[in-house]
Amino acid sequence: MKSRYKSYKTVEDLPKLAGETVTLRGWVYKKTGKGKLQFIQLRYGTGIAQCVVFKNNVTEEAFAKAKALTQESSLTVTGKVVASGKAPGGYEIDAAGLEIIHISQDYPISAKEHGDSFLIEHRHLWLRSARQHAIMRVRAVIIKAIRDFFDASGFKLMDSPILTPNACEGTSTLFETKYFDLGKAYLSQSGQLYAEASAMALGKVYTFGPVFRAERSKTRKHLTEFWMVEPEMAFFDLDDDMDLAEDLVEYIVECALRSCQKEFAVLQRDISALERIKRPFYRISYSEAVEWLQKNKVPIIRKIDGRDVESPFPWGEDFGTVQEEALMEQFDKPCIIHRYPAAVKAFYMKRDPADDKLSLAMDMLGPEKAGEIIGGSQREDDYDTMLERIKEDKLDEADFKWFLDLRKYGSVPHSGFGLGVERVVKWITGAKHIRETIPMPRMIHRIIP
RNA sequence: UCCUGAGUAGCUCAGCUGGUUAGAGCAUCUGACUGUUAAUCAGAGGGUCCGCGGUUCAAGUCCGUGCUCAGGAGCCA
């Protein structure tokens, strides 16, 4: 693309420019000095180039400027590109001239270690560090892979509203806001119900946007605001739904492996664990999973009178972190668990025709303690049954009239799922905490920056 | 919301059964150095020991309380 805007040579261009004189712009990532020699690691975008300023090669003024530079000061530097085995990246700039744009004072993030709390308070600056760069680049690749996957498979992007009149699933706590004279509105926790309407209009659709959960969660895998992609497909049954989920995840990992080798090196990510992520993944039913838990003596722990009481895992309970992690320890690839008890799943999921106690629901759990990365189901498509479920869950019928219309006018079997982008980024990058996987995380005690 | 832990220099932390002027490394500033990449060496500055109240001759240390943060549970993607 030919740009009408200013275009500068950047660090990435250096290998092509050996022997030439270039002017680079950027920030000081690190600086070390040794008398008449100053070494500046110049940061621009995602690359770092070493610039060497030798006193005898530049004016006294330029050398004084080089000495005055501090971490994260901005500058332009002009010099010859030379190959050097000692320079990170293999090339360095032998500086001939140097101009300071701005001197940074007391930059708070040093090369030394910092605590979690300190770093997240300085998220706006933390993003400048190499590790965070790498995670953000992988995130961008993952998001592009998701869009490419759907766009190339006949899906249409259909955005869902963020302001909604009610809870989609009736369970999670919602963020509340005023909506003119119509009373309260809530920030969406899922675009799914709207995606169903879109799927009836366009066949195969996906929504991709931020969703909000006002749960008072305090864990390394929860955010109050996160990005979710939700495909919804007319005429798909649960098996189609699970196949699609596998195809998507396999494709995401494949793209990341193809485009993010440098990033994985920075992150010291074990690539071999990702190279194993090939279809078919594992697939077991909820009932099979419960049997496994019972056979392997993985208990359920309940609080009774403030004390932890262990008992064998009973059929009918939802899995907690303990059960999920125990199950996943046997797998080196994602595993889909399907056909959960209807009682622990959402009202809009279709019951299993073979067993009314079961929902045609599925969750995909990732390996390496990634946890739940996908949740989905075949949807209830019968008008009367859906109406009954809405009443059972004590939801306001008036809010769901339009949703019931989808079952009234040419209802068809359909399915979909939601994939949590940050959960996937966390798994693929090996980030310790989900707060590192989004530029500006929103968490229960954190809204700045 | 519940359980557990933490709060001492800009950052990361040490500081014993209460005791005299509260320490280290890094960062910052000054000086030396032509190959650094966590540079090295010499020197300097830097503290409301989270707030409030209490016990005591004496509190960073003990007690009470409040605030802030972290990890986990539940909920979920």
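Naming: A, B, ... by sequence-line order, numbering from 1 per chain.
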Peer 1: Is there a Watson-Crick or G-U wobble partner for B:G23 with both distances under 3.5 Å, and which nucleotide is it?
Peer 2: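 Matched B:G23 with B:C13 under the 3.5 Å cut-off.
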Peer 1: Is A:Lys333 positioned over the aromatic face of A:Phe281, cation under 6.0 angstrom from the ring centre and no more than 45 degrees off axis?
Peer 2: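 So A:Lys333 doesn't make the cation-pi contact.
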Peer 1: My understanding is that a pair needs two contacts under 3.5 Å, Watson-Crick or G-U wobble. By that rule, which nucleotide pairs with B:G43?
Peer 2: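 Its partner is B:C29.
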Peer 1: Taking the P atom in each of B:G47 and B:U37, what is the distance between them to the nearest angstrom?
Peer 2: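 Between the two P atoms, the distance is 31 Å.
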Peer 1: What integer number of Å spans the P atoms of B:U61 and B:U55?
Peer 2: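 B:U61 and B:U55 have their P atoms separated by 15 Å.
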Peer 1: What integer distance in Å separates A:Glu422:CD from B:C76:C1'?
Peer 2: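 Roughly 14 Å, once rounded to whole Å.
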Peer 1: Other residues, nucleotides and ligands only: do more than 12 of their heavy atoms fall within 6.0 Å of CD on A:Glu60?
Peer 2: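 Atom CD in A:Glu60 is not crowded, with 12 or fewer foreign heavy atoms closer than 6.0 Å.
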Peer 1: Could you tell me whether A:Phe155 and A:Phe208 have their ring centroids closer than 6.0 angstrom?
Peer 2: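 Centroid separation for A:Phe155 and A:Phe208: 6.0 Å or greater.
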Peer 1: With a cut-off of 6.0 Å (strictly less than), are more than 12 heavy atoms of other residues, nucleotides or ligands near CD of A:Glu61?
Peer 2: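 It does not: A:Glu61 CD has 12 such atoms or fewer within range.
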Peer 1: Does A:Gln38 contact B:U36 through a side-chain donor or acceptor facing the base, at a distance under 3.5 Å?
Peer 2: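 Donor-acceptor pair under 3.5 Å: no.
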Peer 1: Quick check for you: among B:U37, B:C76, B:G74, whose closest atom lies nearest to any side-chain atom of A:His222?
Peer 2: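 The nucleotide sitting nearest to the side chain is B:C76.
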Peer 1: Just so I know, are the side chains of A:Phe39 and A:Lys31 near enough to count as touching, which here means a heavy-atom distance under 4.5 Å?
Peer 2: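 No, every pair of side-chain atoms sits at 4.5 Å or beyond.
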Peer 1: Is there a donor and acceptor pair closer than 3.5 Å between the side chain of A:Ser217 and the base of B:C75?
Peer 2: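 Answer is yes: a donor-acceptor pair is held.
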Peer 1: I need the NE2-C1' distance between A:His114 and B:G7, as an integer number of Å.
Peer 2: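 Distance, rounded to whole Å: 18 Å.
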Peer 1: Taking a pair as Watson-Crick or G-U wobble with both distances under 3.5 Å, which nucleotide is matched to B:A6?
Peer 2: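 Looking at the geometry, B:A6 pairs with B:U68.
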Peer 1: Strictly by Watson-Crick or wobble contacts shorter than 3.5 Å, is anything paired with B:A73, and which nucleotide is it?
Peer 2: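 Here B:A73 is engaged in a pair, and the nucleotide opposite it is B:U1.
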Peer 1: How far does the C1' atom of B:G15 sit from the matching atom of B:G7, given to the nearest Å?
Peer 2: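 Rounded to whole Å, the distance is 15 Å.
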Peer 1: Could you state the CD-P distance from A:Gln50 to B:U36, rounded to the nearest angstrom?
Peer 2: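 Spelled out: CD on A:Gln50 to P on B:U36 is 10 Å.
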Peer 1: To the nearest Å, how far apart are A:Lys36 NZ and B:U40 P?
Peer 2: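 Going from NZ in A:Lys36 over to P in B:U40 covers 22 Å.
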Peer 1: How close or far is atom P of B:C76 from atom CD1 of A:Ile373, stated in whole angstroms?
Peer 2: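 Rounded to whole Å, this separation is 18 Å.
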Peer 1: Under 3.5 Å, is there any donor-acceptor pair linking the side chain of A:Arg216 to the base of B:C2?
Peer 2: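 No.
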Peer 1: From the options B:U34, B:C76, B:U37, select the nucleotide whose nearest atom is closest to the side chain of A:Asn56.
Peer 2: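 Nearest to the side chain of A:Asn56 among the choices is B:U34.
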Peer 1: What's the gap between B:G25 and B:G66 when it is taken at their P atoms, as a whole Å value?
Peer 2: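 Result for the P pair: 39 Å, nearest Å.
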Peer 1: Which nucleotide in the list B:C69, B:U36, B:C76 gets nearest to the side chain of A:His445?
Peer 2: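 For the A:His445 side chain, the nearest candidate turns out to be B:C69.
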Peer 1: What distance, rounded to whole Å, do you find between the two P atoms, one in B:U48 and one in B:U56?
Peer 2: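 It works out to 29 Å between them.
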Peer 1: Given B:A70, B:C76, B:U37, identify the nucleotide with an atom nearest to the side chain of A:Arg446.
Peer 2: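 Selected nucleotide: B:A70.
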Peer 1: Is a donor-acceptor pair below 3.5 Å formed from side chain A:Lys218 to base B:A70, judging by atom type as modelled?
Peer 2: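 Side chain to base: pair found, below 3.5 Å.
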